[in-house]
Amino acid sequence: MTELTELLSDLVRIPSVGGSPHEAGIQAVLADWMRAEGLDVDLWELPLPELTAQPAFPGMEVARERAYGLVGRLPGTGGGRSLMFNGHVDVVPPGDLTAWTDDPFSGRVEGDRLYGRGACDMKGGLVAALFAVRELKRDRPRGDVLIACVAGEEDGGLGTYGLLDRGWRADACVIPEPTGLAVVPANAGALTFRLRVPGVSAHASRRTAGVSAVEKFLPVFTALRELEADRNRDTDPLMKRWDVPYALEIGTVHAGDWSSSVPDTLVAEGRFGVALGESAQQAKAALEAAVGKACAADPWLAEHPVTVEWWGGQFLPGRNPDPAFTAAVVGATGVTPEQWGAPYGSDLRLLAGAGIPTVQYGPGSIELAHAPDEYVPISEVVAASTTLARLAAAHCA
Ligand SMILES: [Zn+2]
């Protein structure tokens, strides 16, 4: 096993699920690795009460008592532009354990595949960046090379928000999220919402005396599917490879509390894709208008409208503001990579929003992220690492 594979396997074995103590613990492990490599290390506790109180805070969906920021710096010899690699250390929970062939945090290697939750999203990319920095030590560029390990990306963007708040900046940034080695200069956004549909409870044997909140939800659901179709009819060329670039999905539905009662409330939660170039306000207004229209068409809902609440992770769309940097990443790959916009939100929008040209490029397929038997091809991690080192050598020269 190579050192790269060993480190990746070790990191996958740390179950750094967002909000768990391991999400904080893995930062100490990474800080030790960086110190051993001779990098300058900034490891700090994120001031959660202060950050979460700021109006621009991007949201947080899991409870955290503490979280850490971590930036390693390979100091440049002086005068060159700086480059940041930014990778999140949090992973999503493994889900249904019976869907996995073995332990979701095994870090098992089989041929070219390294398995485990987070292998693809995105510890593979993080290790590619760590080994790129290690490679750059041999012939240090003039500009600084930074490697940021961030927490809380999956549920909003706490870590990247926190490092920007601490004052960390770079002249450009690559996020090695799983893009299958494609170059991704833009992200759609996503907003999390909650609908409350009112009804009236009654004994189910006399159901016509009540109003079923489940039944009243149906026209609203249909209206949301129509809204999604409208919003995906004519999209940005970067998004054309996706059948539904800006997806709207209801992820949870809860109604009623007794099988023989008419349900008097239905609560549905979902995610709403935000288009490239669209503001959160515009997106929210579009969804609220569609819900309002569906309510107006129903006599009960016209009197007792569905309420819409916006909560949790608020991912705005983002786009790399500097096409020359996208071209530099393409050039560093040494091949002709695919280029597209990602349908999901990421930290790109926070970094690009702070004026830092940012592109996603990394190993592993997004189809495997968050799925059972998640894995990353080790050969892609190695290829990404080579590209990142080459990019830094040229950008920071
Ligand atoms: Zn990710």
Same cluster for [X] and [Y] if Ile/Leu/Val/Met/Phe/Trp/Tyr side chains link at under 4.5 Å?
{"X": "V200", "Y": "L266", "answer": "yes"}
{"X": "L43", "Y": "L126", "answer": "yes"}
{"X": "W168", "Y": "L46", "answer": "yes"}
{"X": "V197", "Y": "V308", "answer": "yes"}
{"X": "L388", "Y": "V183", "answer": "yes"}

Using a distance-only test with no angle check, is there a side-chain donor-acceptor pair under 3.5 angstrom linking [X] and [Y]?
{"X": "D90", "Y": "S16", "result": "no"}
{"X": "S20", "Y": "H22", "result": "no"}
{"X": "E288", "Y": "W310", "result": "yes"}

Practice problem: Could you walk me through whether S346 and Q360 pass the side chain to side chain donor-acceptor pair (under 3.5 Å) test, one step at a time? | Solution: CA-CA 9 Å; S346 83; Q360 286 181 9; 2.5 Å; yes
Give me the atom names and distance for the closest heavy-atom approach of [X] to [Y].
{"X": "P104", "Y": "L97", "result": "CG-CD2, 3.6 Å"}
{"X": "L227", "Y": "A290", "result": "CD2-CB, 3.9 Å"}
{"X": "W242", "Y": "E367", "result": "CZ3-OE2, 4.5 Å"}
{"X": "A148", "Y": "M84", "result": "CB-SD, 4.1 Å"}
{"X": "L248", "Y": "E228", "result": "N-OE2, 2.9 Å"}
{"X": "A186", "Y": "L348", "result": "N-CD1, 4.3 Å"}

For the backbone of [Y] and the side chain of [X], can you confirm whether one donor and one acceptor N or O come within less than 3.5 Å of each other?
{"X": "E278", "Y": "A275", "result": "yes"}
{"X": "S106", "Y": "R108", "result": "yes"}
{"X": "E23", "Y": "G19", "result": "yes"}
{"X": "T333", "Y": "V330", "result": "yes"}
{"X": "N86", "Y": "I175", "result": "no"}
{"X": "S82", "Y": "A170", "result": "no"}
{"X": "S9", "Y": "G107", "result": "yes"}
{"X": "Q282", "Y": "S279", "result": "yes"}
{"X": "T179", "Y": "G362", "result": "yes"}
{"X": "D40", "Y": "G72", "result": "no"}

Under 6.0 Å from the [atom1] atom of [X], do we count more than 12 heavy atoms belonging to anything else shown?
{"X": "D139", "atom1": "CG", "answer": "no"}
{"X": "R207", "atom1": "CZ", "answer": "no"}
{"X": "K240", "atom1": "NZ", "answer": "yes"}

Which distance, rounded to the nearest 0.5 Å, do you find between the [atom1] of [X] and the [atom2] of [Y]?
{"X": "L30", "Y": "L39", "atom1": "CG", "atom2": "CG", "value": "11.5 Å"}
{"X": "C149", "Y": "F85", "atom1": "SG", "atom2": "CZ", "value": "12.0 Å"}
{"X": "H88", "Y": "D155", "atom1": "NE2", "atom2": "CG", "value": "10.5 Å"}
{"X": "R66", "Y": "E45", "atom1": "CZ", "atom2": "CD", "value": "5.5 Å"}
{"X": "L158", "Y": "M60", "atom1": "CG", "atom2": "CE", "value": "6.0 Å"}
{"X": "K293", "Y": "D298", "atom1": "NZ", "atom2": "CG", "value": "14.5 Å"}

Can you confirm whether [X] sits close enough to [Y] that some side-chain heavy atom of one is under 4.5 Å from a side-chain heavy atom of the other?
{"X": "L8", "Y": "V376", "value": "yes"}
{"X": "Y246", "Y": "M239", "value": "yes"}
{"X": "E226", "Y": "F221", "value": "no"}
{"X": "D121", "Y": "E154", "value": "yes"}
{"X": "T192", "Y": "E309", "value": "no"}
{"X": "F315", "Y": "R349", "value": "yes"}
{"X": "C173", "Y": "L83", "value": "no"}
{"X": "Q27", "Y": "V89", "value": "yes"}

Self-check item: Stepwise side-chain contact (heavy atoms from CB on, under 4.5 Å) check, V274 with L316
Solution: CA-CA 7 Å; V274 184; L316 294 178; 5.6 Å; no
Is it true that [X] and [Y] have a side-chain N and a carboxylate O under 4.0 angstrom from each other?
{"X": "R166", "Y": "D42", "answer": "yes"}
{"X": "R117", "Y": "E374", "answer": "yes"}
{"X": "R81", "Y": "D171", "answer": "no"}

Quiz item: When you look at Q54 and Y161, which way does the side chain to side chain donor-acceptor pair (under 3.5 Å) test go after all the steps?
Solution: CA-CA 11 Å; Q54 294 178 10; Y161 186 82; 2.5 Å; yes
Exercise. Carefully, step by step, assess E269 and H254 under the rule side chain to side chain donor-acceptor pair (under 3.5 Å).
Key: CA-CA 9 Å; E269 291 172 351; H254 296 283; over 6 Å; no
Self-check item: Worked check of side-chain contact (heavy atoms from CB on, under 4.5 Å) between R134 and L7
Solution: CA-CA 13 Å; R134 179 189 236 195; L7 176 64; over 6 Å; no
Quiz item: Does the gap between the ring centers of F131 and W33 come in under 6.0 Å?
Solution: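 Aromatic pair counts; centres sit under 6.0 Å.
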Practice problem: Show the numbers, then the answer: is there a side-chain contact (heavy atoms from CB on, under 4.5 Å) between L74 and K137? | Solution: CA-CA 8 Å; L74 177 67; K137 285 196 313 185; 3.7 Å; yes
Exercise. If the plane angle is over 60° it's perpendicular, under 30° parallel, otherwise tilted; pick one for W300 and H304.
Key: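 Judged by the thresholds at 30° and 60°, the geometry between W300 and H304 is parallel.
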Quiz item: Which class fits the ring pair Y115 and Y375: parallel under 30°, tilted 30 to 60°, perpendicular over 60°?
Solution: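 Geometry flag for Y375 against Y115: tilted rings.
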Quiz prompt | side chain to side chain donor-acceptor pair (under 3.5 Å) between T387 and Y361, worked out | solution = CA-CA 9 Å; T387 297; Y361 162 85; 3.0 Å; yes
Practice problem: Among N187, T358, T160, find the one that has a side-chain hydrogen bond (donor to acceptor under 3.5 Å, both in side chains) with D347. | Solution: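 It is T160; the other options fail the test.
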Quiz item: Honestly, is R13 close enough over F105, meaning NZ or CZ under 6.0 Å from the six-membered ring centre and within 45° of the axis?
Solution: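 No, cation not above the ring by the 6.0 Å, 45° rule.
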Exercise. Check whether NZ of the Lys or CZ of the Arg R194 lies under 6.0 Å from the centre of the six-membered ring of W311 and within 45 degrees of that ring's axis.
Key: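 Judged by the rule, R194 and W311 form a cation-pi pair.
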Practice problem: Carefully, step by step, assess L4 and V382 under the rule side-chain contact (heavy atoms from CB on, under 4.5 Å). | Solution: CA-CA 8 Å; L4 177 145; V382 173; 4.3 Å; yes
